[in-house]
Amino acid sequence: QVQLVESGGGLVQAGGSLRLSCAASGSHFSINDMGWYRQAPGNERELVAAISRGGMTNYVDSVKGRFTISRDNAKNTVYLQMNSLKPEDTAVYYCHAGIFLGITRYNTWGQGTQVTVSS
């Protein structure tokens with residue numbers, strides 16, 4: 001019913017930039033909070049950045065000052081601008097959204113996009 005489609009991952013050198021996008025598609029839904037998670041091999045999944053429908057943001061300490069999360073509510077899309085990338089940012093990045101179908105809330109995940117930062 002609702003699908004999150006991610007794009008924008010890739011391979012960059014340390015110090016480079018990438019912009020991830022995640023668009024929700026479907027019908028008869030609305031979105032509350034959205035966020036980006038990441039998981040690297042051997043590491044647990046962590047919340048990287050989150051944004052409320054009203055635009056309040058939160059970041060994990062390791063990306064503060066380098067990453068910026070934003071959203072376009074008219075397009076049901078969330079973005080993650082990643083600057084000054086470091087090798088430790090290498091991970092699969094997953095988009096998450098709290099989706100409302102009527103009054104019922106569902107946790108919805110994107111398919112994941114690989115971000116690789118070379119040293």
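Quantities reported herein were computed from a predicted structural model and do not represent experimental measurements.
Thr57 has its side chain within reach of Tyr59: a pair of non-hydrogen atoms, C-beta onward, lies under 4.5 Å apart. Residues Thr90 and Val115 have side chains not in contact (no heavy-atom distance under 4.5 Å, counting atoms from C-beta outward).
Here the closest heavy-atom approach between residue Ile51 and residue Ser70 is recorded as CD1-CA, 3.8 Å. Across all their heavy atoms, Val63 and Val48 have their closest contact at CG2-O, 3.9 Å. Smallest separation of non-hydrogen atoms from Ser21 and Tyr79: OG-CD2, 3.3 Å. In this structure, Met34 and Asn76 approach most closely via the heavy-atom pair CE-O, 4.5 Å. Closest of all the heavy-atom pairs between Ala40 and Ala91 is N-CB, 3.9 Å. Taking both residues in full, the closest heavy atoms of Thr108 and Val2 are given as CG2-O, 4.1 Å, listed atom of the first, atom of the second, then distance.
The main-chain N or O of Thr77 is never found under 3.5 Å from a side-chain atom of Arg71 such that the two would form a donor-acceptor pair. Proximity of a side-chain donor or acceptor of Gln81 to a complementary backbone N or O of Thr68 within less than 3.5 Å is not detected. Without hydrogens or angle criteria, Gln13 side chain to Val117 main chain gives no donor-acceptor distance under 3.5 Å. Under the 3.5 Å distance criterion, the side-chain polar atoms of Ser62 are left unmatched by any main-chain donor or acceptor of Val60. For Asn73 (side chain) and Arg53 (main-chain N/O), a donor-acceptor pair under 3.5 Å exists by modelled atom type.
For the residue pair Asp33/Ser52, the side-chain donor-acceptor check at 3.5 Å is not satisfied. A donor atom on one side chain and an acceptor atom on the other are found under 3.5 Å apart for Tyr93 and Arg38. Side-chain contact check for Gln111 and Thr113: no donor-acceptor pair (N or O, by modelled atom type) lies under 3.5 Å. A side-chain donor-acceptor contact under 3.5 Å links Arg105 and Asn107.
For the atom pair Met56 CE and Asn58 CG, the distance stands at 8.5 Å (nearest 0.5 Å). To the nearest 0.5 Å, atoms CD (Glu44) and CD (Glu46) are separated by 8.0 Å. One finds the CE atom of Met82 at 4.5 Å from the CG atom of Leu18 (value rounded to the nearest 0.5 Å). Taking CH2 of Trp36 as the start and CG of Leu20 as the end, the distance is 4.5 Å to the nearest 0.5 Å. The CD1 atom of Ile99 sits 7.5 Å away from the OG atom of Ser30 when rounded to the nearest 0.5 Å. Put simply, OH on Tyr106 and CZ on Phe100 are 11.5 Å apart, with the number rounded to the nearest 0.5 Å.
With a 6.0 Å cutoff to the six-membered ring centre and a 45° limit on the axis angle, Arg45 does not count as a cation-pi contact of Tyr94.
Taking hydrophobic clusters as Ile, Leu, Val, Met, Phe, Trp and Tyr residues chained together by side-chain heavy-atom distances below 4.5 Å, Val12 shares a cluster with Phe67. Ile31 and Leu101 fall within a single hydrophobic cluster, where Ile, Leu, Val, Met, Phe, Trp and Tyr are joined by side-chain heavy atoms under 4.5 Å apart, directly or via other members. In the hydrophobic clustering of ILVMFWY residues, with side-chain heavy atoms under 4.5 Å counting as a link, Ile69 and Leu47 come out apart. Transitive grouping of hydrophobic side chains (ILVMFWY, heavy atoms separated by less than 4.5 Å) brings Val78 and Phe29 into a common cluster.
Taking a cutoff of 4.0 Å between a charged side-chain nitrogen and a carboxylate oxygen, Asp89 and Lys86 do not qualify as a salt bridge.
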